[in-house]
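For the numbers below, each heavy atom of this structure counts, side chains included, while hydrogens, waters and symmetry mates do not.
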Amino acid sequence: MLKRLSLKLDRVASAVALALLAGAYAPAQGAVERIEIRERVPFAAGTSYGETGAYEKIRGVAHFALDPRDRANASIIDLGRAPRDEYGRVHFSSEFVLLRPVHGKPTTLIYDVNNRGGIAMLGQINGRSPANNDPSTAADAGDGFLMRHGFSLLFSAWTWDVAPAAPAARPLVLAPPVLKGLQGRVNNEFTVNAVSDIATYAGMRGLTYEPATPNDPHAQLTQRRRPQDPRRPVARSSWQFVEPAQAGGPGRIRLEGGFQPDVIYELSYVARDPYVAGAGMAGIRDLLSYLRDHPLEGAPVPKNILMFGISQSGRLIGRMLHDGLNVDEGGKLVFDGAYLHVPGAGGSAGFNSRFVQPTRHPSMLEEHDYPADAFPFTATLTRDPVSGKTASTLDRARDRQGRLPKLFIANTSTEFWNRGASLIATTPDGLADVAPPENVRLYGLMGAQHYVGRSRTRAPFTACVSTSDHYTTMRALVLALDEWTSQGKAPPASAYPSLDQHTLTSVADYHAVFPKGLGITPPEQNLREPRLKFGWRYERFGIADTVPPKQGAAYETLVPVPDADGNDKGGVRLVEVQAPLGTHTGWNLRAPVTGFAWATSRFDGSFVPFARTEAERLAAGDPRPSLAERYPTRDDFAAAVRAAAENLIRARLLLPEDLERTMAGNLGLYDRILQRDPADQSCNYLFATP
């Protein structure tokens, strides 16, 4: 008996020894195996930014090893099918760029999710996108806002579908794990604005999966006028594949007679070798987890970590939260807070499925079969009356202690028309408001468009764009999120259009109350995304068996209520809406010559100035009071702008340091409107420089 017990103990000891020995040679626990530093230089030639001082730039590569067996990685579609090393781990790497103060003190680290390979935050917050996507000079820092406030800034690669850039550019492009040999059907939807013999069929500024068989004879091209119309096949003999315009670029096809405006084309074929796209989100997670706990090149770990994303990048953060990829393998939150800017309905359906193409997303016109948004949409539990499911976007986002990150979600007026923005604050049937939980704040930036307008022409749309400057409010929100997460200071209250406040309504009701005689007519619809059915494997395994998918009932999306001037009510009333010079809408219809005159721009709103005088107003049949009636003198307008700005400052939605910028921008537009000939249909008057 004793001999058998001794033998058993020997076996246990041997097993333990073997395990310890294996551990000595196995990779260290944690998904970042190592950090490789390739460049470390002074940023902006040592320029000093206020009390923060000088910055440095570090460029490197993070090397990852993901264990598909770890519960933290269970939501990454197809990770278990990827090639593994002898320890069962999946390897990939990501380039990163870090800008940080050289003073060596703990800072708040902001991770800026790049947009289609490009650094996004500096352009909208600091006012300047870095040349060649490589922040190096003082000019690349714009006005230095983020540096003056002492933030460290981190950028890395997370997606593969980035089209080749100019030779000098340095986009951040991920090479994720590849599932060699796997095949599946993909469809690519595209349009043209003018007659063209050759068209690119990939998504906007992106790449797609190319046919598994070159010049696939079984590929199918269809056409239709509207998203809901039946697809009409185009004879295979009338079109052919052609070489990309540049090596590594998106594929193209040529059509006899040319591609026509006002037609939605769709190219479908069998592709192969899908990427494990969700690995990109895991790479962000694990890089932040590593930097949270490990000093890098002599600097202390951050005191606070935030994420920031604009549009596609904000939707990526939404998907990370939805999939629980904001919690690392140790069960800890990897960021304390996140600011999702203009994500529309949130993006909880994209980025993590087989053959997914992250650059694609729906608009009123196109891509209604692409899985960008799906229930759940709200951070509070809601029920989908069609499926019967009850869920929230944060169901898997808690750490082991039950904590959630603090979130800001901001949409402009444009997202209510083109990206289903009402859904983050209502039930899926649009019948009731859904208040956000305590860790979430919602902001509707009324009168603004997806980005501050910059087009000097109406084409390819019908109206001049909206130049409302919501970037100043973004700056205030960045600081407020930092104070909320690092100091516990309560953030600005949510300000979002709602049913209870009678600031959210149907498109039909919008039409009924929008003022007539402005020279612009509201769209006949907004984006109403259908519930998509890709087959039983899609929801559980991310594998689409039905391509294109079957469409179910659409989610009910609403739009802000316009006031007597046509400016949206509710939400954050920007200075341009509190002291208006005209009507700022969230929509801008396409010009008939470019096709789809019933549809809107993906990103642009409209601006129609008030008449300068009462006589001019009456002659034009404009129902809105003139500038002269609203502001008898320039000083009266200046006083109105200052009062509006001070309202926002008190609400902590505008910074005192941006008051003069706000005054100068609005007064400059006032002067240009007074100098403008109303017969001039160009949009040059919107801008201070010719």
Side-chain angles (χ1 to χ4, degrees), residues 116 160-167 173 178-275 354-363 365-371 460 534 544-549 590 593-596 599 602:
R116 296 170 176 83
W160 60 272
D161 64 334
V162 179
V173 184
V178 182
L179 308 182
K180 290 290 187 181
L182 281 182
Q183 295 191 349
R185 181 163 291 276
V186 300
N187 62 321
N188 304 275
E189 195 173 282
F190 62 97
T191 62
V192 297
N193 288 336
V195 176
S196 176
D197 290 336
I198 296 176
T200 296
Y201 51 83
M204 180 180 59
R205 291 173 25 222
L207 299 174
T208 184
Y209 287 98
E210 297 297 339
T213 302
N215 200 30
D216 186 352
H218 302 293
Q220 298 174 352
L221 179 66
T222 66
Q223 59 185 19
R224 62 195 193 278
R225 293 288 183 178
R226 293 207 177 199
Q228 66 272 24
D229 289 349
R231 293 167 169 83
R232 293 183 290 114
V234 178
R236 183 64 179 87
S237 58
S238 67
W239 64 271
Q240 53 274 330
F241 289 93
V242 296
E243 291 296 316
Q246 62 182 119
R252 303 184 298 164
I253 55 176
R254 176 184 287 110
L255 176 64
E256 293 178 10
F259 296 96
Q260 305 294 316
D262 215 32
V263 176
I264 299 172
Y265 296 95
E266 187 174 76
L267 181 65
S268 178
Y269 48 77
V270 173
R272 68 181 179 190
D273 301 344
Y275 294 110
R354 187 177 294 179
F355 288 110
V356 71
Q357 300 168 49
T359 197
R360 296 172 62 182
H361 66 279
S363 70
L365 165 63
E366 55 217 316
E367 299 280 29
H368 290 197
D369 286 329
Y370 186 75
F534 290 94
D545 295 307
T546 305
V547 180
R590 292 171 61 96
V593 69
T594 62
F596 311 106
R602 278 182 184 261

Measure the [atom1]-[atom2] distance between [X] and [Y] for me, rounded to the nearest 0.5 Å.
X	Y	atom1	atom2	value
Asp369	Asn187	CG	CG	6.5 Å
Arg272	Leu179	CZ	CG	13.5 Å
Gln223	Leu267	CD	CG	13.0 Å
Asp262	Asn193	CG	CG	11.0 Å
Phe596	Arg226	CZ	CZ	10.0 Å

> Would you call the rings of Phe355 and Tyr209 parallel, tilted or perpendicular, where under 30° means parallel and over 60° means perpendicular?
Replying inline: perpendicular
>> For Gln246 versus Ala165, what's the shortest heavy-atom pair and its separation?
In response: NE2-O, 4.4 Å
> Do you know the tightest heavy-atom contact between Pro250 and Pro244?
Replying inline: O-CB, 3.5 Å
>> For Trp239, give me all partners under ring pair (Phe, Tyr, Trp, His ring centres under 6.0 Å), at least two apart in sequence or on another chain.
In response: Phe241
> What pairs with Phe259 under ring pair (Phe, Tyr, Trp, His ring centres under 6.0 Å), at least two apart in sequence or on another chain?
Replying inline: Phe190, Tyr265
> Cut-off 3.5 Å, side chains only: do Tyr269 and Asn188 have a donor facing an acceptor?
Replying inline: yes
> When you check the side-chain N and O atoms of Tyr201 and Glu210, is any donor under 3.5 Å from an acceptor?
Replying inline: yes
Does some side-chain heavy atom of [Y] sit less than 4.5 Å from a side-chain heavy atom of [X]?
X	Y	result
Leu255	Ser238	yes
Gln260	Val192	no
Glu366	Ile264	no
Glu189	His368	no
Arg360	Asp161	no
Ser268	Val186	no

> With Arg254, which residues qualify under side chain to side chain contact (heavy atoms under 4.5 Å, CB included), at least two apart?
Replying inline: Ile198, Gln240, Val242
> Taking atom CD of Glu243 as the centre, does the number of heavy atoms from other residues, nucleotides or ligands within less than 6.0 Å exceed 12?
Replying inline: no
> Between Arg232, Arg185, Arg231, which is the residue that forms a salt bridge (Lys or Arg N to Asp or Glu O under 4.0 Å) with Glu266?
Replying inline: Arg231
Measure from the side-chain N and O atoms of [X] to the backbone N and O of [Y], and report whether any donor-acceptor pair falls under 3.5 Å.
X	Y	value
Arg590	Thr594	yes
Asp216	Thr213	no
Ser363	Leu365	yes

>> Pair Met204, Glu367 - check side chain to side chain contact (heavy atoms under 4.5 Å, CB included), show working.
In response: CA-CA 11 Å; Met204 180 180 59; Glu367 299 280 29; over 6 Å; no
